[in-house]
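Contents: one structure, followed by commentary.
Below, all heavy atoms of this structure are taken into account, side chains as well, without hydrogens, waters or symmetry copies. Because the structure is predicted, anything quoted here is derived from the model rather than measured. We count ligands from 1, going down the list as the structure has it; atoms in each ligand are counted the same way.
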Amino acid sequence: MEKVRVDIENKGYDIKIGEKLLDNISSYISNEYKWMIVTDSNVWSIYGELFERELGGNKPVLYSITPGEEQKNLHTVTEIIKSMLENNFTRGDKIIALGGGVIGDMAGFCAAIFMRGISFVQIPTTLLAQVDSSVGGKTGVNLPEAKNIIGAFHQPELVLIDTSVLKTLPPREVVTGLGEIIKYGLIEDYSFFRYVVSNLNGIISLDQGIMPGIIKRCCEIKAKIVTQDERERGIRKFLNLGHTIAHALETATEYKIYTHGEAVLLGIYYEAKMALKMGLIENAYGEEILRAIKATKINLSLKGFSVSRLIDIMINDKKNKDNRISFILPRGRGRVEEYLLERNIAQSILLDISEV
Ligand SMILES: NC(=O)c1ccc[n+]([C@@H]2O[C@H](COP(=O)([O-])OP(=O)(O)OC[C@H]3O[C@@H](n4cnc5c(N)ncnc54)[C@H](O)[C@@H]3O)[C@@H](O)[C@H]2O)c1
């Protein structure tokens, strides 16, 4: 088993990474507490039996939702919290977030606000959640107007990453995880980016020889960044590479067309094009990024999108300052910086680089 420490003062925790960790789940779930498992019906239909068998003596309360980003809202949060009250949960009890980023964000948010905060464990089951969303303590839900606009920073007490659960992921969800993996290389570690690009097929086929190492490297980079800047006052913003455009695409399509990770792949593609257009990176490096994203074979066309509508959405982005839109853009190999652009400038660059 591999271990990465997130060393945030007074609330540090371990990320444990390995194959078949869930076969030993009872050794991580103390029966001193009452537990609620928040999950979705896809995940529970595959792993519910294992949990019921392994946690037999300490039967957790189950709250299973319909899968999907549309469920990541305040209504679901209220229902989960009502169920905790009905089951007499108190401040000493705990939540397990078992699922992808939707479950992790929402269950984590319930843990952040139930009785002003209780403890929770992240058990991420998608590639995206294992390399990114389960680490760092960002929790929250969407409003129709803006993604992740209601939320809290609330760190888990443990992140348990069982790489064998990836085997049941639909292929689309594997590609979805690639966006965040590529992101880590681009913001912090160019040689990791090269390694990822040259092992793209191995990642897509979930080669167990390379997956634990790739997941661990992403967690190490995220752990390092959030340890230095838990509340996103500085370098944590860099984790938003690709996300200004991604969130606008997701909001414009009401979360129905792209998975979050697909939107991030498009976001990185177009933000790399912005960096090229603005002269922030050499052509050779820019082309290398564009080739990497194209190699994932996702559809990169923005046909049917109104750039001015996308900009309208970006104006509500949480990172913005003084009415200028915040973009995290590549600035060199393995390096990014924040650029704040006036609406009309952002719009004219985007119009120029959009591919239809
Ligand atoms: N908190 C953060 O720092 C952070 C970072 C990145 C993304 N996010 C959030 O993460 C969310 C996206 O997460 P996601 O991509 O994991 O999507 P998701 O949670 O919707 O999961 C994707 C699909 O995979 C299914 N699934 C999950 N695990 C499975 C498994 N092992 N086998 C079979 N099916 C499985 C789910 O049922 C779902 O249908 C977005 O809401 C995004 O905003 C948060």
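Counting non-hydrogen atoms of other residues, nucleotides and ligands closer than 6.0 Å to CD of E49 gives a total of 12 or fewer. Dense packing is recorded around CG of N344, with more than 12 heavy atoms of other residues, nucleotides or ligands lying under 6.0 Å away.
Enumerated by chain and number, the residues approaching ligand 1 to less than 4.0 Å through a heavy atom are D40, N42, V43, I46, Y47, P67, E69, K72, G100, G101, V102, D105, T125, T126, L128, D132, S133, K138, K147, N148, V165, T168, L169, P170, E173, T176, E180, K222, H260.
Between K167 and E19 there is a salt bridge, since at least one side-chain N of the basic residue sits less than 4.0 Å from a carboxylate O of the acidic one.
Taking E282 as the reference, R333 meet the side chain to side chain donor-acceptor pair (under 3.5 Å) condition, with sequence neighbours excluded. Contacts of R324 classified as side chain to side chain donor-acceptor pair (under 3.5 Å), with partners at least two apart in sequence or in another chain: none.
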Show the atom names and distances, to 0.1 Å, of all donor-acceptor pairs under 3.5 Å that link a side chain in residues 223-231 to residues at least two apart or in another chain.
from : atom 1 : to   : atom 2 : distance (Å)
K224 : NZ     : E188 : OE2    : 2.5
T227 : OG1    : D7   : N      : 3.3
T227 : OG1    : A223 : O      : 2.6
Q228 : NE2    : K224 : O      : 3.4
D229 : OD1    : E232 : N      : 3.2
D229 : OD1    : R233 : N      : 2.8
D229 : OD2    : R233 : N      : 3.2
D229 : OD2    : G234 : N      : 2.7
D229 : OD2    : I235 : N      : 3.1
D229 : OD2    : R236 : N      : 2.8
E230 : OE1    : K11  : NZ     : 3.1
E230 : OE2    : K11  : NZ     : 3.3
E230 : OE2    : Q155 : NE2    : 3.1

